[in-house]
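Before I ask anything, here is the structure I am working with.
Note that ligands are numbered from 1 as they come in the structure, with each ligand's atoms numbered from 1 the same way.
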Amino acid sequence: MSRNHTRLDAIIVGAGFAGLYMLHSLRALGFSVRVLEAGSGVGGTWYWNRYPGVRCDVESIDYSYSFDENLQQDWQWTERYATQPEILRYIEHVCERFELGRDIQLDTRVKEARFDEEANSWVLHTDTGERFEATYCIAAVGCLSAVNPPRFPGLDSFEGDTYHTARWPHEGVDFAGRRVAVVGTGSTGVQAIPLIAEQADQLYVFQRSPNFSVPARNRPLDPELQRAIKADYAARRQAAREAAWGVPNDKPPRPLEDFNAQERVAVCDEGWRKGGAPGMLRAFSDSMTNPEANRVVAEYVRSKIRTTVRDPAVAEKLVPTDHPLGAKRLCVDTNYYETFNRPNVTLIDVASTPIEQITPHGIRTRDAELSVDAIVFALGFDAITGALLAIDIRGRNGASLREKWAAGPRTYLGLGVAEFPNLFTITGPGSPSVLGNVIVSIEQHVEWIAACLAYMREHGLDRIEATTAAQDNWVAHVDEVARGTLFVSAKSWFMGANIAGKPRTFMPYAGGVPTYRRICDDVARRGYEGFALSASGSLAHSPV
Ligand code: NA7
C-alpha cells in the first residue's frame, strides 16, 4: 500500500506534547497510527515559538510527562522554568526514546478532514496533496498555534524587518545597534521585551492594554531539590492532578475572610517573594471568584508596579485597571517592569495614541511617527479554536465545524462533537486546557481517549459520537461555571476577545482539573454516557 492510501486506525493531527503522547499510547495498544505535523520538526508550540526570553511559565519539574517513571527520573531540568530550547530538547528526547519518529510525517499540513459515513472513516487531505484515511481522527492541534497576524495598514510598505514571535527565525535575530518596536504586551511580549531592550539601541513598546505580571524568580534548579522531588515523583504528580490548575500546592490556599488586613499583605508578600503565577493567583482560595479577594491581590501587584517603575507617568500606563488579576492569563516575567527604567526604552500607549499606519520607515501613531529598523509583533493567537477551524472539517451529512461553531465552540467534555463521529479533540474547548498546567490536561485527555478506543475495540464497536443532548448540557454547564468566576469579566483570548469577529464565549472549563477528571472518569465508567457507540459493520478493513 502506498503511504498516501493507507487506511489506519487513527490519524493524529499535530506532533506537540499532545500528539506525541497520543501516538505512544495508541501504538502501545496495537493500533495503527500516523501523526501529521505541519512543522518541519516536532514540538508544536515549542517548535514555533523561539523568540528571545521564551520559556515556560509552569515549573519545569511539573511541565513534563508523568507517564513513564524512567523518563521522569532520567531527564534533568536545569532551570526552575525551562527555556524553549530545553523543552524542545526534552520533546525530541521523548521522540527518540520511544521511537515515535517513524510514525510522524512532518511538513504536512492537514487542510481538510471529511467523515465518510459509509466507510466509517475520516478522509484527510493535506497541503502535500496526499490523502489519508483512518477510523478515528484525533486533533492534537494545540490551543496556541494559530497565529494572530498583524493587519496594520501599510505593513507591506515597511522597509525594515518584521517578525512574529510565534514564527521566529531559527537562526535567531541580532537587534544590536537597531531601533526596534515591539507591538503586544501579553505573556510573550513581557518575556521578550527585557531581552530585546538589552540588545537594541532603542526600543519602543507598543502597549494596547497593560497586563498583570509577576516575577518568575527563575534560577538554576537546585540538584538537591530535583533529587528530593524525584525520590517521590509519583506523589508530586498526584498532587498536580489533584490541584485545581494542575500545579501542586505548597499548602492549600484559604479564603480572604480567613485573614486580617496585615495577614493579607503577608500572604501576597509570600507569593511575590516565591515568584511564579500560582503564588499570586492562589494567594486566596477565592481569588478568582470573590471580587474583593481578587482586588486585594491586584492592588498588591499594582503597588509593586508603581514602586518598581521610576517614572510615575509610565508606571500608571503599566498598571492594569480594566480586568481582574488572572482573568487574562497572568504573565510571569524577569525584569519586565524594571526594563521601563532603561533610558533606551519608551512605552507607547496605543490605547490613547492608536497605531494608524506602518510606514516605510516605522510606525505612525495618532501623535507621532517613530522610525524603527525592525518591528516585532507579539500579537498572540487565535487561541483554542483557531487551529482546529483552520482545517475544513466536515462531519455527518457534510456538516461543517466552522458553521456549527459560528456562534462559539460546542463540544461534549471538550473531547467530542455531536455530528462529528470518531473525531476527538485533545484539550478542546470545554475542557480545562489552558487554565493551568496544560501537560496535566493533555495526559488526562490522551489516557481517556486511549482507554475509550481500547474499550470500543474490545466491545466490537467502531463508531462514537457525542449526543446533541449531552453536548448541549455540557456547553450550558461550562458557561454556568464560567459565570461563577471572574474570568468572564475580561476581554481575554480565553473569551475569544482578541480576534476581531470571533464569538465571545469563555472557552475553557473553569471547574478545575480534578473535578473535570472525575466527570470524564464517571462518563467512561457508565459506558461512555452521553456518547452514542455503535458498530458500523466495516470493522474488517485491511491491516496496514
Ligand atoms: P496575548 O496574551 O494574546 O497578547 C497579545 C498582545 O498583543 C496583547 O498585548 C494585545 O493587546 C496585543 N495586540 C493584539 N492585537 C493588537 C493590535 N492590533 N494592536 C496593538 N496590540 C495588539 O498573546 P501572547 O503571545 O503574549 O501570549 C499567549 C499565551 O501564550 C500566553 O498567555 C501563554 O499562555 C503562552 P490587548 O491585550 O488585546 O489589548
Side-chain angles (χ1 to χ4, degrees), residues 16-17 44-46 48-58 63 81 84 87 142-155 163-168 181-193 204-214 216 245-247 276-277 281 317-318 320-323 326-333 336 347-358 363 365-366 375-384 386-387 427 432-439 441 487 490-502 504 507-508:
F17 267 102
T45 203
W46 298 109
W48 295 103
N49 284 272
R50 296 165 186 253
Y51 59 84
V54 52
R55 62 175 75 240
C56 190
D57 59 5
V58 174
Y63 192 86
Y81 296 96
Q84 175 270 340
I87 298 172
C143 291
L144 297 165
S145 50
V147 165
N148 180 24
R151 299 177 204 274
F152 300 98
L155 181 59
Y163 306 95
H164 195 295
T165 46
R167 293 290 178 270
W168 204 255
V182 174
V183 186
T185 54
S187 294
T188 299
V190 161
Q191 288 186 334
I193 285 162
Y204 299 103
V205 176
F206 288 78
Q207 171 191 273
R208 188 165 67 178
S209 34
N211 276 298
F212 288 99
S213 187
V214 298
W245 307 118
V247 179
L281 275 178
K317 284 184 192 163
L318 287 165
T321 52
D322 68 339
H323 64 278
K328 284 179 161 187
R329 180 140 176 150
L330 185 59
C331 303
V332 179
D333 73 272
Y336 178 62
L347 179 66
I348 315 287
D349 177 14
V350 178
S352 59
T353 57
I355 295 175
E356 288 190 335
Q357 176 104 19
I358 310 279
I363 299 182
T365 67
R366 207 173 53 199
I375 307 175
V376 174
F377 294 107
L379 303 178
F381 303 89
D382 181 352
I384 304 176
T427 63
S433 65
V434 287
L435 293 185
N437 183 355
V438 75
I439 307 298
S441 290
F487 283 114
K491 289 189 197 142
S492 66
W493 56 259
F494 297 141
M495 292 285 293
N498 64 327
I499 301 292
K502 191 166 174 171
R504 302 287 187 266
M507 292 180 282

Practice prompt. Just do the salt bridge (charged side-chain N to carboxylate O under 4.0 Å, His left out) check on Asp349 and Arg208 with the steps written out, would you?
Written response: CA-CA 6 Å; Asp349 177 14; Arg208 188 165 67 178; over 6 Å; no
Discussion item. Would Arg329 count as a polar contact of ligand 1, with the cut-off being nitrogen or oxygen pairs under 3.5 Å?
Written reply: yes
Discussion item. As an exercise, identify every atom of ligand 1 less than 4.0 angstrom from a heavy atom of Thr185.
Written reply: 6 (C), 8 (C), 9 (O)
Worksheet item: For ligand 1, is there an atom lying under 4.0 Å from some heavy atom of Phe152?
Response: yes
Practice prompt. Quick one: look at Leu144 and ligand 1, take heavy-atom pairs under 4.0 Å, and tell me if it's side chain, backbone, both or neither.
Written response: side chain
Worksheet item: With the threshold set at 4.0 Å, does a side-chain nitrogen-carboxylate oxygen contact exist between Lys491 and Asp322?
Response: no
Discussion item. Among all the protein's non-hydrogen atoms, which is closest to atom 13 (N) of ligand 1, and how far away is it?
Written reply: Leu379 CD2, 3.7 Å
Discussion item. Within the structure, is a non-hydrogen atom of Phe206 found at a distance of less than 4.0 Å from ligand 1?
Written reply: no
Discussion item. Within the structure, is a non-hydrogen atom of Lys328 found at a distance of less than 4.0 Å from ligand 1?
Written reply: yes
Discussion item. Against Trp493, only a single residue in Asn498, Ile499, Asp382 fulfils side chain to side chain contact (heavy atoms under 4.5 Å, CB included); can you say which?
Written reply: Asn498
Worksheet item: For ligand 1, is there an N or O atom under 3.5 Å from any N or O atom of Ala378?
Response: yes
Worksheet item: Okay, side chain of Arg55, backbone of Tyr81: is any donor-acceptor separation there less than 3.5 Å?
Response: yes
Worksheet item: Among His164, Arg151, Arg208, whose heavy atom sits nearest atom 38 (O) of ligand 1?
Response: Arg208
Response to the item:
Check: of Gly380, Ser187, Ala383, min heavy-atom distance to atom 23 (O) of ligand 1 comes from Gly380
Response to the item:
Note: ligand 1 atoms sitting under 4.0 Å from heavy atoms of Ser209 are 36 (P), 37 (O), 39 (O)
Worksheet item: To the nearest 0.5 Å, what is the distance between CG (Asp333) and OG (Ser213)?
Response: 3.5 Å
Item to complete: Report the nearest protein non-hydrogen atom to atom 12 (C) of ligand 1: residue, atom name, distance rounded to 0.1 Å.
Response: Gly184 CA, 3.7 Å
Worksheet item: Going by the order shown, which atoms of ligand 1 are within less than 4.0 Å of some heavy atom of Thr188?
Response: 24 (P), 25 (O), 26 (O), 27 (O)
Discussion item. Name the residue from Val350, Ile375, Thr185, Val376 that meets the side chain to side chain contact (heavy atoms under 4.5 Å, CB included) definition with Phe206.
Written reply: Val350
Practice prompt. Tell me which protein heavy atom sits closest to atom 1 (P) of ligand 1, plus the residue, atom name and distance to 0.1 Å.
Written response: Trp493 CD1, 4.0 Å
Worksheet item: Does the ring centre of Trp168 sit less than 6.0 Å away from the ring centre of Tyr163?
Response: yes
Worksheet item: Of all heavy-atom pairs between Val332 and Val190, which one has the smallest distance, and what is that distance?
Response: O-CG1, 4.4 Å
Discussion item. Please confirm whether the ring centroid of Tyr51 lies under 6.0 Å from the ring centroid of Phe377.
Written reply: no
Worksheet item: Gly186 heavy atoms, cut-off 4.0 Å: which ligand 1 atoms fall inside?
Response: 2 (O), 4 (O), 6 (C), 8 (C), 9 (O), 26 (O)
Discussion item. Using ring centroids (six-membered ring only for Trp), state whether Phe212 and His323 fall under 6.0 Å.
Written reply: yes
